[in-house]
Amino acid sequence: MQCRGEVVKLDRGFPLVCTEDNKLIRCKHATALVKGKEFRAVIGDKLLLDLPENHDTAIIEDILPRSTELVRKDPTERALPQVLAANFSRVMVTQPLAELNERRLERELVLAHETKAPVTVVLTKADLAESEEQVEKVRQKVNALVGQGVQTLVISSEDPESIEALRELIPEGETVVLIGKSGVGKSSLVNLLVGKEVQATGAVRESDGRGRHTTVSREMISIPGGGRVVDMPGVRGLGLWDADAGIETAFADIEELAEQCKFRDCRHENEPGCAVRDAVEQGILSKERWQSYCALKNEVHQIQERREQARWQKGEKSRGYGRRSKQPGKKK
């Protein structure tokens with residue numbers, strides 16, 4: 001018997017799939033589906049299933065086209081993508097307010113924008129901030145970094161209104177992906193949204209009141225009266241994959257400055273009339289942000305070069321990835 005389903009949990013075993021009649025069943029991929037392919041079903045994937053009689057597992061016959069994908073470079077491979085989640089309607093980037101990591105946030109924003117889904121930055125554990133002044137200072141810093149079109153929410157377990165503001169961004173029928181490093185409070189955030197403990201958090205240290213993140217699987221969790229949240233394990237490696245568009249969106253301020261350069265092909269090095277270099281020298285654009293932009297663009301260029309080399313070694317036709325992206329601060 002054939003039916004459709006959706007992956008609602010992905011752990012070390014077989015994908016857990018919810019079928020059209022709301023039954024949960026473990027699945028495995030059909031040999032013909034995965035043979036010679038570089039992808040597998042991920043959390044959020046819509047599937048075509050075969051349910052053999054008298055079997056306790058179903059067969060994934062096909063993975064339906066995805067509306068959105070969260071993709072990073074596979075940390076175990078030289079030049080392959082790894083899809084972390086699919087078919088979501090919003091990405092929420094989580095960072096602890098009192099321990100904001102701007103460089104990581106920039107990278108997370110690039111990955112989030114590359115999905116083409118709306119992006120929200122969620123600053124967690126605001127109740128651990130030293131003062132209201134610190135909260136406002138960090139909020140303003142993040143607002144300046146993320147630019148227009150990205151909302152920033154400050155969440156505190158002691159402020160029900162902040163939880164409600166977050167819940168309003170996850171209406172019924174919508175699926176949201178939470179991304180962030182281990183320990184930023186994603187599981188605690190899910191528990192606050194659901195209204196009870198559905199995700200385990202580690203023991204809280206008496207010294208600073210912080211709990212340890214313990215999520216080990218990607219799981220889709222329903223919010224009462226709302227949509228669904230995908231709580232994923234903390235991702236350490238955030239290697240970029242084909243992320244030119246994401247960089248352009250996350251660093252829109254630099255892209256706009258580049259449009260003002262005297263020469264269209266300006267490399268922002270020693271050319272006269274360089275608006276980007278002038279902005280750095282005048283303190284309008286921070287040197288650190290410019291360096292992050294350069295590093296991320298160069299990273300994407302390098303992975304594109306590796307992909308081309310891998311295709312050449314396989315005897316495949318070049319796709320010209322290496323010509324797509326200008327590399328700031330580097331000669332051609």
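Since we're looking at a predicted model, the values are computed, not measured.
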Single hit among Leu178, Ile155, Leu166, Ile221 for side-chain contact (heavy atoms from CB on, under 4.5 Å) with Leu193: Leu166
Distance alone, cut at 3.5 Å: any donor-acceptor contact between the side chains of [X] and [Y]?
X      : Y      : result
Tyr293 : Glu288 : no
Ser292 : Glu106 : yes
Gln95  : Glu108 : yes
Arg90  : Thr120 : yes
Ser187 : Asp231 : yes
Glu158 : Ser156 : no

Taking atom [atom1] of [X] and atom [atom2] of [Y], what is their separation to the nearest 0.5 Å?
X      : Y      : atom1 : atom2 : result
Arg40  : Ile63  : CZ    : CD1   : 8.5 Å
Glu136 : Gln140 : CD    : CD    : 4.5 Å
Glu6   : Leu64  : CD    : CG    : 10.5 Å
Leu49  : Cys3   : CG    : SG    : 4.5 Å
Lys262 : Asp278 : NZ    : CG    : 12.0 Å
Asn87  : Leu70  : CG    : CG    : 12.0 Å

For the backbone of [Y] and the side chain of [X], can you confirm whether one donor and one acceptor N or O come within less than 3.5 Å of each other?
X      : Y      : answer
Ser89  : Thr175 : yes
Glu114 : Gly246 : yes
Asp159 : Glu161 : yes
Arg26  : Thr57  : no
Glu271 : Arg267 : yes
Lys186 : Gly180 : yes
Thr115 : Ala112 : yes

Does [X] [atom1] have over 12 foreign heavy atoms under 6.0 Å away?
X      : atom1 : answer
Arg103 : CZ    : yes
Lys116 : NZ    : yes
Glu130 : CD    : no

Heavy-atom side-chain proximity of [X] to [Y] below 4.5 angstrom:
X      : Y      : value
Val42  : Leu84  : no
Val230 : Val176 : no
Ile170 : Arg167 : no
Leu192 : Ser157 : yes
Arg66  : Val83  : yes
Leu257 : Leu285 : yes
Phe263 : Pro272 : yes
Glu102 : Lys141 : yes

Any idea which heavy atoms bring [X] and [Y] closest together, and the distance?
X      : Y      : answer
Ala126 : Val135 : O-CG2, 4.4 Å
Asp45  : Ala41  : OD2-CA, 3.4 Å
Val177 : Ala85  : CG2-CB, 4.0 Å
Asp50  : Pro52  : O-CD, 3.1 Å
Leu10  : Ile43  : CD2-N, 4.0 Å
Ala58  : Leu51  : CB-CD2, 3.2 Å

From CA spacing to verdict: side-chain contact (heavy atoms from CB on, under 4.5 Å), Leu169, Glu174: CA-CA 9 Å; Leu169 292 178; Glu174 301 290 313; over 6 Å; no
Step-by-step side-chain contact (heavy atoms from CB on, under 4.5 Å) determination, Leu105 to Leu145: CA-CA 9 Å; Leu105 177 57; Leu145 190 152; 4.3 Å; yes
Derivation of the side-chain contact (heavy atoms from CB on, under 4.5 Å) call for Leu47 and Asp62: CA-CA 6 Å; Leu47 313 171; Asp62 197 10; over 6 Å; no
Trace of the side-chain contact (heavy atoms from CB on, under 4.5 Å) decision for His268 with Arg277: CA-CA 6 Å; His268 318 303; Arg277 194 174 64 253; 5.5 Å; no
Leu16 reachable from Ile59 in the ILVMFWY side-chain graph, under 4.5 Å edges: no
hydrophobic_cluster_shared for Leu48 and Ile25, side chain cutoff 4.5 Å: no
